[in-house]
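Indexing begins at 1, ligand by ligand and atom by atom, following the structure's order. Residues: numbered from 1 along the sequence shown. The structure displayed is predicted, hence computed values, not measured ones.
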Amino acid sequence: MDRSVCVIGGGIAGAGAALALPDALDVTVFESRAVGGRLASRRREGCIYDVGTDHVLLADGDLRELVADAAGDSLVEIDRPVKQFDADGTISERPAEFPRFSGRDGIDTLVQSLFETSGARIEEGATVTALDRRGGQWVVTAAGHRRAFDAAVLAVPAAAAVVLFEGADWDATLRRELARAADDIAHRSIDVVALHYPFAFGADYYGLVSIERASDVVWMGREQCKRGHVPDGESVLTLQLGSLWSAANANASARETAIESAHYVARLVGDDRLREPDWWDHHRWGQGVPTDGVDAALYERPLEFGLAIAGDWVADVGQAHAALASGLRAGRQLAERFGSDPGA
Ligand SMILES: Cc1cc2nc3c(=O)[nH]c(=O)nc-3n(C[C@H](O)[C@H](O)[C@H](O)COP(=O)(O)OP(=O)(O)OC[C@H]3O[C@@H](n4cnc5c(N)ncnc54)[C@H](O)[C@@H]3O)c2cc1C
């Protein structure tokens, strides 16, 4: 019978793990909601906009090739550059540029296509509530059912990992250490606002990034630069608000947040039309990105039990390409344990 592996978490780290696990293994992915995780997109009135990760940086040629092969047509490169702005709102060129990508039908479809290529069985709406060790196997409880696997990849955010470490009944000392370390990781929340306009807003850049950490708006992207996202003659701007703004305005309504963002961006780019979007959207990511890292060696220790751990918090960088690389690494580590060709 095929040996079985479960991947817990259907974000880009889980997708990396599923891709790296050889075809000879029987792989099941458990995802609480829908695959994509913080690579999240929304759809409204013919527009697609990314409300979590804005784009994936694929500066590393090997990683870019792997994603291009696995994602095929759903990968779209954003060909306009990103510029920067300072506290006075002065816009200037950035010293270095990197290749940036989204998904043609939304950045979430990029993750979906990686999972499809992996051939793993995906179970969406399946929150794993317990991860136990019994008779040399991992027993997963999801949606009230228990299933045993020969190995597991834990690819959930740190807070969810803490819950599973605390509840598990294997090596008590190690899992307590893992839970404590994961619990210590600080995160920053991020508010994302999308603003829609029934006219084209042209510029010679794709996005603007703030060079001031304390800025109210730290990022503005033009979704119309992502092929397939916005019909001609319309514009969707996505803004990420700074953590200081989010902390100071924790009780602001979504409407107030959207209006304030629209006024900010109109001032920044000097175009008064942008003060009045015809519709808008808002999402707050409570634990948006980890702000500090972990002792990577600690998270290698469960490998001896056939458990690999992946995610941006393990990768030490709160970015999608790092989460993907950590998932690929987790999958390869388990493949090596099984003595299989990791690239198969
Ligand atoms: C607003 C925002 C903007 C960002 N912008 C960028 C950017 O432009 N570029 C960039 O590189 N990075 C960006 N990032 C960071 C990037 O989104 C993350 O680093 C990356 O998505 C992390 O991927 P992951 O797979 O580790 O985690 P996630 O994407 O969080 O995936 C984990 C998955 O596990 C699932 N899950 C949780 N608990 C369970 C459970 N018990 N059972 C089953 N499933 C479970 C979750 O539903 C989720 O789908 C941004 C993040 C935010 C919030």
Side-chain angles (χ1 to χ4, degrees), residues 6-18 28-41 49-59 63 78 82 98-102 107-108 110-112 114-115 122-131 140-143 152-168 185 187-194 206-207 209 218-221 226 238-243 246 282-291 293 309-328 330:
C6 67
V7 175
I8 306 172
I12 198 165
T28 304
V29 179
F30 295 102
E31 164 54 46
S32 285
R33 292 182 290 242
V35 297
R38 279 170 279 162
L39 270 70
S41 311
Y49 48 102
D50 299 328
V51 292
T53 295
D54 184 84
H55 53 261
V56 183
L57 288 171
L58 293 172
L63 200 59
I78 305 163
V82 166
F98 308 96
R100 298 163 198 271
F101 297 86
S102 180
I107 203 162
D108 54 355
L110 192 56
V111 183
Q112 285 162 16
L114 298 183
F115 274 120
I122 314 290
E123 300 199 9
E124 294 184 314
T127 299
V128 172
T129 50
L131 179 63
V140 165
T141 307
V153 179
L154 190 57
V156 298
V162 172
V163 175
L164 292 175
F165 289 141
E166 281 177 345
I185 297 172
H187 287 76
R188 69 183 164 89
S189 65
I190 308 181
D191 283 81
V192 176
V193 173
Y206 154 57
V209 65
V218 293
W219 166 261
M220 183 205 79
K226 296 174 180 168
T238 48
L239 277 61
Q240 288 175 18
L241 307 186
S243 51
S246 294
H282 168 254
H283 184 80
R284 170 166 288 186
W285 297 88
Q287 294 211 319
V289 283
T291 52
I309 300 173
D312 57 352
W313 55 285
V314 184
D316 219 2
V317 185
Q319 291 202 313
H321 64 275
L324 171 63
S326 97
L328 287 164

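Here the shortest heavy-atom pairing between Ser102 and Ile107 reads OG-CB, 3.6 Å. Considering all non-hydrogen atoms of both residues, Ala330 and Val153 come closest at CB-CG1, 4.1 Å. Residues Val156 and Ala161 share a closest heavy-atom pair of CG2-N, 3.5 Å. In terms of heavy-atom proximity, Leu324 sits nearest to Gly16 at CD1-CA, 3.7 Å. Contact detail for Ala15 and Val111: the closest heavy-atom pair is CB-CG1, 4.0 Å.
Remark: ligand 1 and Val156 share no N or O pair separated by less than 3.5 Å (distance only, no angle test). Checked against a 3.5 angstrom limit, the closest N/O atoms of Ile12 and ligand 1 fall inside it. For a threshold of 3.5 Å applied to N or O pairs, the pair formed by Thr127 and ligand 1 contains no separation below that value. Distances between N or O atoms of Trp285 and those of ligand 1 include no value under 3.5 Å. Residue-to-ligand polar distances keep Gly14 apart from ligand 1: every N/O pair is separated by 3.5 Å or more. Looking at ligand 1, you'll find an N or O of His55 within less than 3.5 Å of one of its N or O atoms.
Every atom of ligand 1 is numbered from 1 in the order shown, and the set under 4.0 Å from a heavy atom of Ala323 is 22 (C), 23 (O), 26 (O). In the vicinity of Pro157, heavy-atom distances shorter than 4.0 Å reach the ligand 1 atoms 30 (O), 32 (C), 34 (O), 37 (C). Residue Ile190 approaches ligand 1 through these ligand atoms, each under 4.0 Å from one of its heavy atoms: 1 (C), 2 (C), 52 (C). For ligand 1, the atoms closer than 4.0 angstrom to any heavy atom of Gly311 are 26 (O). Every atom of ligand 1 is numbered from 1 in the order shown, and the set under 4.0 Å from a heavy atom of Ala155 is 32 (C), 34 (O). Near Asp54, the atoms of ligand 1 lying under 4.0 angstrom from a non-hydrogen atom of the residue are 5 (N), 6 (C), 7 (C), 8 (O). Less than 4.0 angstrom separates some heavy atom of Val192 from each of these atoms of ligand 1: 1 (C).
With respect to the salt-bridge test (charged N to carboxylate O, under 4.0 angstrom), the residues Arg100 and Asp54 do not qualify.
Judged by the shortest distance from any of its heavy atoms, Leu39 lies inside the 4.0 Å radius around the atoms of ligand 1. Heavy atoms of Val289 approach ligand 1 to within less than 4.0 angstrom. Put simply, part of Ala126 is less than 4.0 Å from ligand 1, judged by heavy atoms.
Comparing heavy-atom distances from atom 27 (O) of ligand 1 across Glu31, Gln287, Arg38 singles out Arg38 as nearest. Atom 13 (C) of ligand 1 has its nearest heavy-atom neighbour, among Val163, Asp50, Thr53, in Thr53. Closest heavy-atom approach to atom 38 (N) of ligand 1 among the candidates Ala160, Gly11, Cys6: Ala160. Between atom 25 (O) of ligand 1 and the options Ala13, Ala310, Gly288, the minimum heavy-atom separation is to Ala13.
Among protein heavy atoms, the minimum distance from atom 11 (O) of ligand 1 is reached at Ala320 N, 2.7 Å. The nearest heavy-atom contact from the protein to atom 3 (C) of ligand 1 is Gly52 O, 3.1 Å. Scanning the protein heavy atoms around atom 18 (C) of ligand 1, the nearest turns out to be Asp312 OD2, 3.4 Å. Of all protein heavy atoms, the one lying nearest to atom 15 (C) of ligand 1 is Gly318 O, 3.3 Å. The protein atom (non-hydrogen) at minimum distance from atom 34 (O) of ligand 1 is Gly9 CA, 3.3 Å. Among all non-hydrogen protein atoms, the one lying nearest atom 42 (N) of ligand 1 is Val128 N, 2.9 Å.
Neither side chain, Asp50 nor Thr238, offers a donor N or O lying under 3.5 Å from an acceptor on the other.
Counting heavy atoms from C-beta outward, Leu239 and Val192 have side chains that stay 4.5 Å or more apart. Under the 4.5 Å side-chain criterion, counting only non-hydrogen atoms from C-beta, Ile8 is in contact with Leu131. In this structure, the side chains of Leu57 and Pro99 stay at 4.5 Å or more apart for every pair of heavy atoms. Looking at Val209 and Val218, their side chains never come closer than 4.5 Å, going by heavy atoms from C-beta outward. Residues Ser246 and Arg284 meet the side-chain proximity criterion, which asks for heavy atoms closer than 4.5 Å. With contacts defined as side-chain heavy-atom distances shorter than 4.5 Å, the pair Val51/Tyr49 qualifies. Looking only at side-chain heavy atoms (C-beta outward), Val289 and His187 stay at 4.5 Å or farther from each other. Side-chain atoms of Ile12 and Phe115, non-hydrogen and from C-beta on, never get closer than 4.5 Å to each other.
The ring-ring contact (aromatic ring centres under 6.0 Å, His included) search around Trp219 returns His55, Tyr206, not counting sequence neighbours.
At a heavy-atom cutoff of 4.0 Å, ligand 1 is contacted by both the backbone and the side chain of Ser32.
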